[in-house]
Amino acid sequence: MSRIAARFEALKARGRKALIPYITAGDPEPGNTVPLMHEMVAAGADIIELGVPFSDPMADGPVIQQACERALRHRVSLRKVLEMVGEFRRDNIETPVVLMGYLNPVEIMGYETLARDAARAGVDGVLTVDLPPEESAELAGALKRHGVDPIFLLAPTSHEARIRGVSEVAAGFVYYVSLKGVTGAATLDVDAVAQKLALIRRQTDLPVGVGFGISDAETAARVSRIADAVVVGSALVKRIAAHADDPAAGRREVTQVLAGMRRAMDQATTATPA
Amino acid sequence: MSTVIKPEQTPDWRAFPDARGHFGPYGGRFVSETLMEPLLELQEAYQRYLQDPQFLAELDQDLAHYVGRPSPLYLAERLTRELGGAKVYLKREDLNHTGAHKVNNTIGQALLAKRMGKTRIIAETGAGQHGVATATVAARLGLECVVYMGAEDIQRQAPNVYRMRLLGARVVPVTSGSRTLKDALNEAMRDWVTNVDNTFYIIGTVAGPHPYPAMVRDFQAIIGREAREQYQAAEGRLPDALVACVGGGSNAIGLFHPFLADEGVTMYGVEAAGDGIDTGRHSAPLCAGRPGVLHGNRTYLMEDEDGQIIETHSVSAGLDYPGVGPEHAWLKDVGRVQYVPITDREAMDAFHRLTRTEGIIPALESSHAVAYGLKLAPTLAPEQGIIINLSGRGDKDINTVARLEGIEL
């Protein structure tokens, strides 16, 4: 069983929902990332999503665009991100790590090389935002051969046939993009998300995570009642940006926000059992 | 990644792209999930209206009476005499309404938008020609229009920015990344994914996710269809060579496509070599880049060893783009079209030469094609002939040219 599947199973047994923080690797500088990963785990993160910096992050709003720019000033490459995961694994072998990024750095490295080296570094899943299932056979195949889960997005615009198509190639969990827009957009409509999740669950047994537009503990709590995982990114990256000159202060704020979300989610899920 | 098709298996050029938008290993649909369904809807609508006699009749009417087609195929006699080689013909896309070939495509896409019930149009622009052509058709059809333009390009192309505003468009400066065309495209994509219900994204070139490269080509192919007929009427045969500049590559594919099956017609796509290919400061992915994925398709890109897109350079804002249409990538690999570099300096010289010799001020983009034509014509015999696509007029560039020559306007 993959580390991701094992984690979701363990959470389910305890009636708890997964909290998945996203940070851009190397933001604001490379030395900040591994310590922050450990601190996020201590604050209640169940899975870590690590953004691979890209020069043209088309699906991201300004917060994550600027995080990419900060990391790229230090030339943080996909190769470097794999090294960071390897370093994290020296002290943590349980927490799943998912890479999230764009296809071009993967194309340059080569699908087979990425799959092999990601598995060696201890990466559990790879989500390439601009790779829909129709184009994914080769990369998804390489990842699966090396025991790495290809993670796919679903969106408010995904009709039933597309949901079925995604569930056929996806592994680990599926990531439901809660709104039409880019990361860090306004707030999501929890009722609309709930309706769509019902449709998704008819097509797949995989756990469903929800992200885009979750910026505070209250929204995280409401989403945790209907989803298996809550993904939070821009709300954390904003804190890192605010303290780009003092990364330790940024890390403290990130873990505070995360700990607040953790508490709110746990209260919500114990108050109203699913 | 690259598949080489052997010469003996001459492809049926009209059969490309395949159903998923692939030109050999290039093209495709590389976008986030939210845009997949809208792209499939667009493809369905486009294929339907392409068979709809009413839609086609309306498009023809607009091209004739609003754009002013057919555009002339002009024999540049004085230039031909000076060069002492092949006859030089210019396909005068600069004489279209709004001053460039871009309007051929925006007319088509805007009619499609209207039929799909969209009320809001967005576009990206580099030199501003596509932005102006989009703002123009939006004004005419009464659609809201937002144009994304790199902050750097807004500086370089002030007259076109004002023109778009006069036409009622909102011009949004893009300050991310290198602040040029590629960043404007990113921003337009972000707008589209947010407002996809009521918004139609008019992409200005033969790049982007399927069906854009095929759709824009089909709207621009009128250039080549006309040129083929006009040349035959004038010379009783086909031309020996075609020359067009390639940024994203829409004017080039528009000219080339109807000639692809004509084996005797050699084709040259001219890329912007900026300060020179060996300086690294250029915008020539086909001459000096390698395949990757950007802006929804797989194609040749300007990128570093980590797969990050690098900054490009060209005196011409419309060619200042790190990618190129996927059909060009494929035509390069199969060897049907040759892609050649022209530097800023060569383009500037050609700009002046055409202006002085023929009384035609070419756009800096088109000046790259003219510059290659100046090299090519003398190598051919007087009974041969070439067509240079004069894709746009140069009025928009006079500030840039004056500045480069140290003249204050």
Side-chain angles (χ1 to χ4, degrees), chain A residues 52-62 65-66 68-69 72 75-81 101-111 127-136 138 152-159 161-163 165-166 174-177 179-183 185-186 212, chain B residues 1 19-22 25 27-41 174-178 182-199 208-210 290-299 301-311 322-323:
Chain A
V52 180
F54 183 50
S55 53
D56 294 79
M58 284 194 324
D60 286 297
Q65 287 169 44
Q66 284 156 22
C68 285
E69 288 177 15
L72 287 174
R75 299 210 54 144
V76 176
S77 61
L78 177 53
R79 174 69 54 201
K80 180 76 197 159
V81 177
Y102 292 80
L103 186 58
N104 201 48
V106 176
E107 290 260 316
I108 297 305
M109 182 178 280
Y111 295 170
L127 195 177
T128 31
V129 180
D130 52 351
L131 185 68
E134 285 87 341
E135 300 280 358
S136 72
E138 207 184 322
F152 286 91
L153 299 172
L154 284 171
T157 51
S158 309
H159 295 173
R162 292 200 57 76
I163 297 172
V166 165
V174 293
Y175 184 144
Y176 180 63
V177 173
L179 46 80
K180 294 171 191 159
V182 293
T183 54
F212 284 41
Chain B
M1 274 299 129
R20 291 190 304 145
H22 291 165
R29 268 190 221 103
F30 294 89
V31 294
S32 70
E33 174 63 24
T34 312
L35 290 178
M36 284 302 292
E37 199 70 48
L39 283 171
L40 294 169
E41 275 169 33
V174 177
T175 54
S176 57
S178 59
K182 85 171 169 76
D183 309 285
L185 225 149
N186 292 336
E187 214 48 49
M189 282 277 186
R190 290 177 187 127
D191 179 315
W192 196 32
V193 83
T194 307
N195 302 296
V196 67
D197 293 334
N198 71 345
T199 298
H210 183 60
R290 59 177 173 169
V293 171
L294 180 70
H295 293 153
N297 64 105
R298 182 178 284 122
T299 187
L301 297 175
M302 304 266 300
E303 56 189 330
D304 68 14
E305 64 272 26
D306 297 332
Q308 309 297 348
I309 307 308
I310 58 178
E311 287 194 18

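Here is how names work: the chains are called A, B, and so on, in the same order as the sequence lines, proteins then strands, and each is numbered from 1.
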Per-residue contact mode, [X] against chain B (heavy atom under 4.5 angstrom):
X: A/L103; result: side chain
X: A/V177; result: side chain
X: A/P62; result: neither
X: A/V106; result: neither

Structural part of [X] lying under 4.5 Å from a heavy atom of chain A:
X: B/E305; value: both
X: B/H295; value: both
X: B/D197; value: side chain
X: B/V196; value: side chain
X: B/I309; value: both

* salt bridge (charged side-chain N to carboxylate O under 4.0 Å, His left out) partners of A/D56, counting only residues at least two apart ->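 A/D56: salt bridge (charged side-chain N to carboxylate O under 4.0 Å, His left out) contacts with B/K182.
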
* Please identify each residue that fulfils salt bridge (charged side-chain N to carboxylate O under 4.0 Å, His left out) with A/R79, with sequence neighbours left out. =>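 Applying salt bridge (charged side-chain N to carboxylate O under 4.0 Å, His left out) to A/R79 gives A/D117.
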
* Non-hydrogen side-chain atoms of A/P156 and B/E37 separated by less than 4.5 Å ->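 Not in contact.
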
* **Any A/E135 side-chain heavy atom under 4.5 Å of B/H22 side chain** =>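 A/E135 vs B/H22: side chains touch.
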
As an exercise, state the distance from [atom1] of [X] to [atom2] of [Y], rounded to the nearest 0.5 Å.
X: B/W192; Y: A/M58; atom1: CH2; atom2: CE; value: 10.5 Å
X: A/Q65; Y: B/T175; atom1: CD; atom2: OG1; value: 8.5 Å
X: B/N186; Y: A/D60; atom1: CG; atom2: CG; value: 10.5 Å

Among [options], which has the most heavy-atom pairs under 4.5 Å with chain B?
options: A/A155, A/P105, A/P132; result: A/P132
options: A/L154, A/D130, A/L179; result: A/D130
options: A/G110, A/G61, A/A59, A/P57; result: A/P57

Between [options], who has the most heavy-atom pairs with chain A when the cutoff is under 4.5 Å?
options: B/V193, B/N195, B/L301; value: B/V193
options: B/L185, B/V293, B/I310; value: B/V293
options: B/L35, B/D191, B/L40, B/T194; value: B/T194

Sidechain-backbone polar pair: [X] side chain, [Y] backbone, donor-acceptor under 3.5 Å:
X: B/R20; Y: A/E134; result: yes
X: A/E69; Y: B/S176; result: no
X: B/Q308; Y: A/S55; result: yes
X: B/S32; Y: A/V129; result: no

Of all the heavy-atom pairs spanning [X] and [Y], show the shortest one and how long it is.
X: B/E33; Y: A/S158; result: OE2-OG, 2.8 Å
X: A/F54; Y: B/G307; result: CE1-O, 3.3 Å
X: B/D304; Y: A/R75; result: OD2-NH2, 3.6 Å
X: B/T34; Y: A/T157; result: O-OG1, 2.8 Å

